[in-house]
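Here's the structure, in structure tokens; my notes come after.
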Amino acid sequence: MVKFGLRLDQNKSNEYPPDAYVDYDKLKEIIHVLAKKKLAGADVNFREVSLTAPPPTNAAGRQLTAADSPITEEDFYNCIDSNLSKVENFTLQKVTDLRSQIASLEKEVNGVSVDDEKAKDAIRDRTDEAAKAFLTLEKYVNINFMAFHKILKKHDKNLPAHACKQFYINRMHNQAWVRGDYSDVVVRLSSIYSALRNDHTAEENKDAAQSFLRSTTKYWVRTEDVSKVKYAVLKHLPVFLQKTSTGESDSQLTNSVYFDNDQLELYHGRLDKTPGAIAFRLRWYGAGDPKMVFFERKTHRDTWTGEASAKERFIVSCVHTVDESEVKAVLNDQYPIEQKRAEMKTKKGATDAECDDWEKLVREMIQVVQVKQLVPTMRTQYMRTAFQIPFDATVRISLDTNLCMISERGYDTEGGAKWFRDPDKPLSPNEITRFPHAVLEVKLELGGANSEPPQWVTDLQNSGMLYEVHKFSKFIHGCAVLMPEYVRSVPYWIDDASIRNSILNSGGGRILVPVDHQTGVGPGANEMYNHLLPFGNVKDPKLETKGRTANTISLIETSNKTTGANYYADDDDDNIEMMMGVQGCCEDTCAGWLFPFCSGYNTEVLAPTSVQKIEPKIFLANERTFLHWLHAGVTLYTIAAGILAFASESHSVGAHWYAMALLPISLGFCLYALHLFLWRAEKIKTRVPGRWDDSRGPLMLGSILAGVLFINFVMKCREIRRFNEIMSHEL
């Protein structure tokens, strides 16, 4: 148990003066003094005061005297106000200095020669320092923000008659140091790194097919790690700039309206990963009413079959968009396909093959709306930051923040004229759910010489800032939370402890397991796949866990300072409990003691977020490996038994010793096969990161067997030599 005051002192930056932080100890001392005075609350019904009457008695009915401390509630309020002003002024000053530093770097990078690597390295080092200074500032803001939360919570707990937390929390959220958008810093840093890399954009392939395939891995990112992740990516990929009313930004508002029918057929198909299951959505970008709308269809295919899921867009022009006024015509099967086809050929110069593919896609999408009776069901809304070298799809990364899901049920669509809610009407709590994490997607297109992802991508995946959530879907999550009475099953991540409060706030508590449940996870698939929850469940939360493997336990115990969630954990008490979740495999069993050379004792510290990919055939491969090892053991036993059976009792002492040496080796093969099978099965089940092979066990067993064979070979050579000597003497 660690006091937050001590945690605050431990995490103060050496680059900042100590008095730049919240004076937490002083505020806490004021609260303790006021708590002893037992102040009574004011009667809100009294509307008159007397300037000559003495102050009222306290909550205990005692008259306060001169012997009591002169500190009043006003002193606490003044101290809070002064600390808020101090933190805000310090933050704004640091941001101003940082922007000036970046402006200087921009001038230098514009004047540097492309071939002057020494000058570019110097600018890159200074840019790294500026980026790290920004991350240090963000940590400063977060730790102070949590300090205010903590001290206000302590105040209301000790002085309930003078509760003020809600007032000051709302006030903080309206101050520049909390609500300020400093995305321009990310944009300018990205431009500097891009200039230093001298990114060469690939040529656009205008003949490429409009449908495209991609390999995508999705992760959750905690809010306090968003800027760190952005910095880690922009060092290697440029930010895709977005034009806004206030200038260029690193993110853009994205809305996607998903369609489904009354039975939620598309939802259950995507959830069950049925081959050929589709998702149908309308997407537009930017704030305000949609001006251009993308019709998109996503089709699921199992990767183990050799196929990949596909995403196709409804295309009517070179910009691949449908005007918003045409949406009603598409949904009601009144879209002038022939007219649009002719426009594509005359105005855009499309070939007959391109027009045929376009027409086929349009007719299929119109047909699925009519046949399945699809209507607007769920809308996802978020700010998307995209990282990509233009026209180079090798590595593409997107980061979605401020993610929320909005129900599109409960209003009249007016025959397809309305397909999203009126933005001027407020939403009830059970019509919107706000997701507490950012969502990162890493899209890779690898092949040929680029069969492995870049090292920086692997380092980011193992950094501890990303928590992989296998097959996470915004559409599925929104439907499960906002329409619990219509869904027959829910995704496994619903029971994750970190998103529980957001689900309860949206009225989706019926899909959650009760707090007093024996296992803490829901029925069915959630009990089988509970290990996939990145932050644990209600019974076994892993919010404070540093690693998934037992190998990280030493790192946790020897760490002087906590990182990540431990900085800002907000518990009911002022103390923060350090929890360490350990997932062991077979290391603690007797088999693990018999075979200490197994890779379960690998001392390499692994990040908690990299989850191994598994396919159905990997379970069968583990069984086949087990049978192969057993076959080797049985073969050795058969050879040993045959030697014992056919060797003579008097003149084959060496043969007997050779057979007796093979018997324990064959037993060792069988025991090792059993242990390795159980050990690897546990690794596959829990998807523990790291190697699933044993590089030392086969080497040791093979060395022992080779040693026995070599000894037998030497003994046989000696016997042959003796036999030749005896025969030569007889002759």
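A quick note: this is a predicted structure, and the numbers were derived from the prediction, not measured.
Partners of D422 under the side-chain contact (heavy atoms from CB on, under 4.5 Å) rule, at least two apart in sequence or in another chain, are D424, K425. Judged as a side-chain contact (heavy atoms from CB on, under 4.5 Å), and not counting sequence neighbours, T223 has no contacts. Remark: F387 engages no residue in a ring-ring contact (aromatic ring centres under 6.0 Å, His included) (not counting sequence neighbours). Scanning for side chain to side chain donor-acceptor pair (under 3.5 Å) contacts around D262 gives an empty result, with sequence neighbours left out. Not a single ring-ring contact (aromatic ring centres under 6.0 Å, His included) links Y231 to another residue, sequence neighbours left out. Listed by chain and number, the residues in a salt bridge (charged side-chain N to carboxylate O under 4.0 Å, His left out) with K345 are D352 (sequence neighbours excluded). With sequence neighbours excluded, the residues that form a ring-ring contact (aromatic ring centres under 6.0 Å, His included) with Y258 are F475. Residues satisfying the side-chain contact (heavy atoms from CB on, under 4.5 Å) test with A438, not counting sequence neighbours, are V221, V226, L399, T401. Looking at residues two or more places apart in sequence or on another chain, you find a side-chain contact (heavy atoms from CB on, under 4.5 Å) between S428 and N430, E431. Remark: S194 engages D199 in a side chain to side chain donor-acceptor pair (under 3.5 Å) (not counting sequence neighbours).
Side chain of Q339 to main chain of P336: no donor-acceptor pair is present (N/O by atom type, distance under 3.5 Å, no hydrogens or angles). Within the 3.5 Å criterion, the main-chain N or O of I432 finds a donor-acceptor partner in the side chain of S506. D272 places no side-chain N or O within donor-acceptor distance of the main-chain N or O of T274, the cut-off being under 3.5 Å. When atom types are taken as modelled, the side chain of D496 and the backbone of S498 share a donor-acceptor pair closer than 3.5 angstrom. In this structure, the side chain of R270 does not engage the main chain of S473 through any donor-acceptor pair within 3.5 Å. At least one donor-acceptor pair under 3.5 Å links the side chain of R197 to the backbone N or O of K235.
The one candidate from H477, H437, H470 that meets the ring pair (Phe, Tyr, Trp, His ring centres under 6.0 Å) condition with W220 is H437.
In this structure, E468 and K218 have side chains that are not in contact, with every pair of non-hydrogen atoms separated by 4.5 Å or more. The side-chain heavy atoms of P454 and V457, taken from C-beta on, include a pair separated by under 4.5 Å. Side-chain contact check for V395 versus Q388: every heavy-atom pair is 4.5 Å or farther apart. In this structure, the side chains of T216 and V442 stay at 4.5 Å or more apart for every pair of heavy atoms. A heavy-atom distance below 4.5 Å is not found between the side chains of L331 and L374. Contact check for I278 versus H300: no side-chain heavy atoms found under the 4.5 Å cut-off. In this structure the side chain of T394 never reaches within 4.5 angstrom of the side chain of E445, judged on heavy atoms. Considering only heavy atoms from C-beta on, V186 comes within 4.5 Å of L234 through its side chain.
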Start with the C-alpha distance between K471 and K273, add both sets of side-chain angles, then the distance that settles side-chain contact (heavy atoms from CB on, under 4.5 Å), and finish with yes or no.
CA-CA 9 Å; K471 298 296 183 182; K273 295 294 180 288; 3.8 Å; yes
Decide yes or no on side-chain contact (heavy atoms from CB on, under 4.5 Å) for R434 and S502, but give the supporting numbers first.
CA-CA 6 Å; R434 300 188 183 275; S502 66; 5.9 Å; no
Query raised in the report: Between E441 and R384, does a salt bridge (Lys or Arg N to Asp or Glu O under 4.0 Å) hold up when you go through it step by step?
Result: CA-CA 11 Å; E441 294 186 32; R384 167 157 289 187; 3.7 Å; yes
Margin query: Please evaluate residues V469 and Y492 with respect to the criterion side-chain contact (heavy atoms from CB on, under 4.5 Å), reporting the C-alpha separation (whole Å), side-chain torsions for both, the decisive distance (0.1 Å), and the verdict.
Written below: CA-CA 10 Å; V469 184; Y492 69 89; 3.5 Å; yes
Quick one: do T385 and I397 satisfy side-chain contact (heavy atoms from CB on, under 4.5 Å)? Show the steps, please. CA-CA 8 Å; T385 303; I397 294 179; over 6 Å; no
message: If you apply the rule ring pair (Phe, Tyr, Trp, His ring centres under 6.0 Å), what do you find for F420 with W284, and how did you get there?
response: CA-CA 12 Å; F420 65 95; W284 72 95; 5.1 Å; yes
Candidate pair D333 and R363, rule salt bridge (Lys or Arg N to Asp or Glu O under 4.0 Å), full reasoning: CA-CA 9 Å; D333 196 10; R363 293 190 182 279; over 6 Å; no
Subject >> side chain to side chain donor-acceptor pair (under 3.5 Å) between S183 and K230, intermediate numbers included >> reply: CA-CA 10 Å; S183 59; K230 284 185 177 181; over 6 Å; no
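A side-chain N or O of R283 and one of S256 form a donor-acceptor pair less than 3.5 Å apart. Judged by distance alone, the side chains of Y219 and Q461 do bring a donor and an acceptor atom under 3.5 Å apart.
With respect to the salt-bridge test (charged N to carboxylate O, under 4.0 angstrom), the residues K340 and E359 do not qualify. Between K360 and E312, none of the side-chain N atoms (NZ, or NE/NH1/NH2) sits under 4.0 Å from a carboxylate O, so this pair counts as no salt bridge. Between D400 and K474, at least one side-chain nitrogen of the basic residue sits less than 4.0 Å from a carboxylate oxygen of the acidic one, meeting the salt-bridge criterion. Note on D225 versus K228: salt bridge recorded, some NZ/NE/NH1/NH2 to OD/OE distance being below 4.0 Å.
Of all non-hydrogen atoms in L266 and D260, the two that sit nearest each other are N-OD1, 3.0 Å. In terms of heavy atoms, L482 sits closest to I406 at CD1-C, 4.0 Å.
Of the inter-residue distances, the one linking R222 atom CZ with Y467 atom OH reads 6.5 Å to the nearest 0.5 angstrom. How far CE of M365 is from CG of L361: 5.5 Å, rounded to the nearest 0.5 Å. Here CG of L512 is found 6.5 Å from CG of D495. Values are rounded to the nearest 0.5 Å. In this structure, E354 CD and R341 CZ are separated by 11.0 Å, a value rounded to the nearest 0.5 Å. Taken to the nearest 0.5 Å, the CG atom of L460 stands 6.5 Å off from the CG atom of L440. Distance check: Q263 CD to R488 CZ gives 9.0 Å after rounding to the nearest 0.5 Å.
A tilted orientation is assigned to the rings of F472 and F435, their planes being inclined by 30° to 60°.
Within a 6.0 Å radius of OH in Y285, other residues, nucleotides and ligands contribute more than 12 heavy atoms.
Counting only residues at least two apart or in different chains, side chain to side chain donor-acceptor pair (under 3.5 Å) contacts with residues 371-380 comprise N255-R379, E265-K372, T377-R409, R379-E408. For residues 261-283, the pairs satisfying ring-ring contact (aromatic ring centres under 6.0 Å, His included) are F259-F280, with sequence neighbours left out.
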